[in-house]
Number of protein chains: 2
Amino acid sequence: MSAHSDSEPALTMRDVAARLGVSPMTVSRALRGQRGIGEATRQRVLAEVAALGYRPNKRARELRSGGPSELIGLVVTNLANPFYSQLAVGLEQICVSYGARVMLGSTGEDPATERDVVADLVDRGVDGLVVVPAGHDHGHLGGLRDLPVVLAASPPMGIDVDCVLVDDFGGTRDACRRLVARGHRRIGFLGLPPSLWTGSERFRGYAVALEEAGIALDERYVSQHRGDSGLAKEAARAMLALPDPPTALLTANNRNTVGALRALRDRAPDEEPVSLAGFDDIELADMLHLPLTVVSYDPVEIGRAAAKLLFERQASTVPQPPRRVTIATTLVDHPAPR
Amino acid sequence: MSAHSDSEPALTMRDVAARLGVSPMTVSRALRGQRGIGEATRQRVLAEVAALGYRPNKRARELRSGGPSELIGLVVTNLANPFYSQLAVGLEQICVSYGARVMLGSTGEDPATERDVVADLVDRGVDGLVVVPAGHDHGHLGGLRDLPVVLAASPPMGIDVDCVLVDDFGGTRDACRRLVARGHRRIGFLGLPPSLWTGSERFRGYAVALEEAGIALDERYVSQHRGDSGLAKEAARAMLALPDPPTALLTANNRNTVGALRALRDRAPDEEPVSLAGFDDIELADMLHLPLTVVSYDPVEIGRAAAKLLFERQASTVPQPPRRVTIATTLVDHPAPR
DNA sequence: CTGTTAGCGCATTCAG
DNA sequence: CTGAATGCGCTAACAG
């Protein structure tokens, strides 16, 4: 019995006004709860609006008023990565509380695509952007018509914008310290490319922890490649085949952890056990065949923090200096079952 | 040295036209590659546009032309669930190939929120909606101003729209058959609420496979609750404590599988081993302490299929009957390590 | 308190 | 091939 189930040319404010014998302005004012309109009139208008199922055209409204679109663009490399999808969840939570929505853009880790996606989102009138950059050149994110931009997981290079970071250095250092405290001296590092901020920071955490312990850095124990579990597995296998293999492995992200786990799984049962610690928590870490120590943090919180930075900057008219929020990490020990 | 790094009132077509000494219409035509304009003029215009960094206002364009917004709304319960984030990835892939973007809406499994989110997305002018429904009442998705809607993971109830389904029944039946083929007669089922389509279909697969094998359904071996790993663990524990406990467990989704795994992990090593099979694949299934059989399928494909249904319907002006696409499943055996 | 005029940025329609 | 008028749906800025 719903009245609006066919495809009439969509009601306009004039239609509503005409049916009521008032001017469109009256409808407009009633709808926006603007004061300066009689209470009786307002009720009459709202009743008619409800009865007709009229919905105002948001784009026409924005065009005329020049107001915000209440739209935030999220640019990530790959939403299938739980890190990014959880970030998206946090971002959306805060956006909704501000009446805004999130528009998605995936880059597939391609900087050229990132440029296009950002341009498209800007053209579509987003009020702000949260970007997990694909490359290290952030120049194209500067001077975006005063559009607030927040970088996630990477500090801005060459531009002055806000960012939300994870404590990559501290987390990795803590994990490495833990391995050292357990008596390990030969610790293999499965890392990310040093061209990535995350990659160099996590490596630095490893290096500093070793230095603190008076352990010399041995290049044979360091591998820095793309975070692909297959490559990580091969790198781990190669390290473990050295004459004096590492007694522990430290991995720089969850892909590397998975690779290391697979390499360790394939070893003979009588071989010396190898300890494992890594950045990023893993679902089912409590179900693995060996104990695992992880650097844990909440990606949802990154999204929330980014959204807050965005809306705070939007709220203030005076220019603010760029801010930097760092999300803390905690070290979590997952014992092996049994 | 980029020219557009401050906050001028944003260029309009008139500005470009004025600088060129032509009318705005000439700029408009050049920009849209419309024929009926001299090649020389077009080049001049495009050069000026590029030099000035002018970008047309998409919303004004849509308002005037009444054309599509090239925006698709995606409504899910929780993007942190990999099922939904992978669906989003597939949806976006196809959308981008059509020049469209995805706008996000999360419902948190609350039907009332779903209504609000859908209404908001419609108000914002999406061209179509992909919805993973939170409830079983889909009435509010009907008669949306002729907006195409595609349901994912659930068939439409009471409305005639397209949908993309997973072969819930066949997948679960196959998994149960496999357990039967391995000699199991007492198979416990950790299911979802039967009010969910997915819940009842997966239960039906279980029931049919048992019937085929001449095994009577035993209520003590059936639990149907929300897909929460904690509840699933308790349910599994209770079943395994029965006088004649099941020798195998069949789980209806990955949350239940995780719960079952934890229940099985906690058993004494000398207890009778229990086989496990479940719907949804799990990362690191190859790293668990016991073999696991899963019903696997590609959530990305669901998103792609939904997008295709949407754009195909958009393309055809004549009314089409509702279509239904079913994504196939495969049974995958993950042996235990060692 | 309400209505009128004008125009957001662009594209359709019709002149030239 | 180009330009001028007109209006998409809505709301500022002014009347009354």
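Chain A is the first sequence line, chain B the second, and so forth, proteins listed ahead of strands; every chain is numbered from 1. Side-chain atoms are counted along with the backbone in the values below, which use heavy atoms only and exclude waters and symmetry mates.
To the nearest 0.5 Å, atoms NE2 (B:His138) and SG (B:Cys163) are separated by 10.0 Å. Atom CG in A:Leu31 sits 6.0 Å away from atom CZ in A:Arg61 (nearest 0.5 Å).
Judged by distance alone, with hydrogens and angles left aside, A:Arg14 brings no side-chain donor or acceptor close enough to the base of D:dG9 to form a pair under 3.5 Å. On a pure distance criterion of 3.5 Å, a polar donor-acceptor pair joins the side chain of B:Arg29 and the base of D:dG3. Within 3.5 Å, no donor on the side chain of A:Arg61 pairs with an acceptor on the base of D:dG9, nor the reverse.
Distance B:Leu31 CG to C:dT12 P: 13 Å, rounded to the nearest Å. To the nearest angstrom, P of D:dG7 lies 17 Å from CG of A:Leu63. As a whole-Å value, the separation of B:Gln34 CD from D:dG3 P is 14 Å. Regarding A:Met25, its CE atom lies at a distance of 17 Å from the P atom of D:dG9, rounded to whole Å. To the nearest angstrom, C1' of D:dA12 lies 16 Å from CZ of A:Arg35. To the nearest angstrom, C1' of C:dG9 lies 12 Å from CD of B:Glu62. When the C1' atom of C:dG9 is taken as reference, atom CZ of A:Arg59 falls 14 Å away, rounded to whole Å. Spacing between atom CG of B:Leu11 and atom P of C:dC8 amounts to 15 Å, rounded to whole angstrom units.
At the phosphate of D:dG9, neither OP1 nor OP2 sits under 4.0 Å from any side-chain N or O atom of A:Tyr54. Residue B:Ser23 has a polar side-chain atom (N or O) positioned under 4.0 Å from OP1 or OP2 of D:dG3. Proximity of A:Thr26 to the phosphate of C:dG3: a side-chain N or O atom is located under 4.0 Å from OP1 or OP2. Residue A:Ser65 has no polar side-chain atom (N or O) positioned under 4.0 Å from OP1 or OP2 of D:dA12. Within the 4.0 Å cut-off from OP1 or OP2 of D:dG9, not a single side-chain nitrogen or oxygen of A:Arg55 is found.
Residue contacts shown for A:Gly66 are absent, as no nucleic acid heavy atom lies under 4.0 Å away. Within the nucleic acid shown, B:Pro24 has no heavy atom closer than 4.0 Å to any nucleic acid atom.
Here the nucleotide nearest the side chain of B:Thr12, chosen from C:dC10, C:dG3, D:dG9, is C:dC10. Of the candidates C:dC10, C:dC8, D:dT2, D:dT2 carries the atom nearest the B:Thr41 side chain, counting heavy atoms from C-beta on. When distances are taken from the side chain of A:Val22 to each of C:dT12, C:dG3, D:dG9, the shortest belongs to C:dG3.
The pair B:Asp123-A:Lys58 does not count as a salt bridge, with every side-chain nitrogen at least 4.0 angstrom from each carboxylate oxygen.
B:Asp160 contributes no side-chain N or O that, together with a main-chain N or O of B:Pro322, makes up a donor-acceptor pair within less than 3.5 Å.
A:Ser106 and B:Glu92 are linked by a side-chain donor-acceptor pair at a separation below 3.5 angstrom, with hydrogens and angles left out of the test.
Looking at A:Glu70 and B:Arg124, their side chains come closer than 4.5 Å, going by heavy atoms from C-beta outward.
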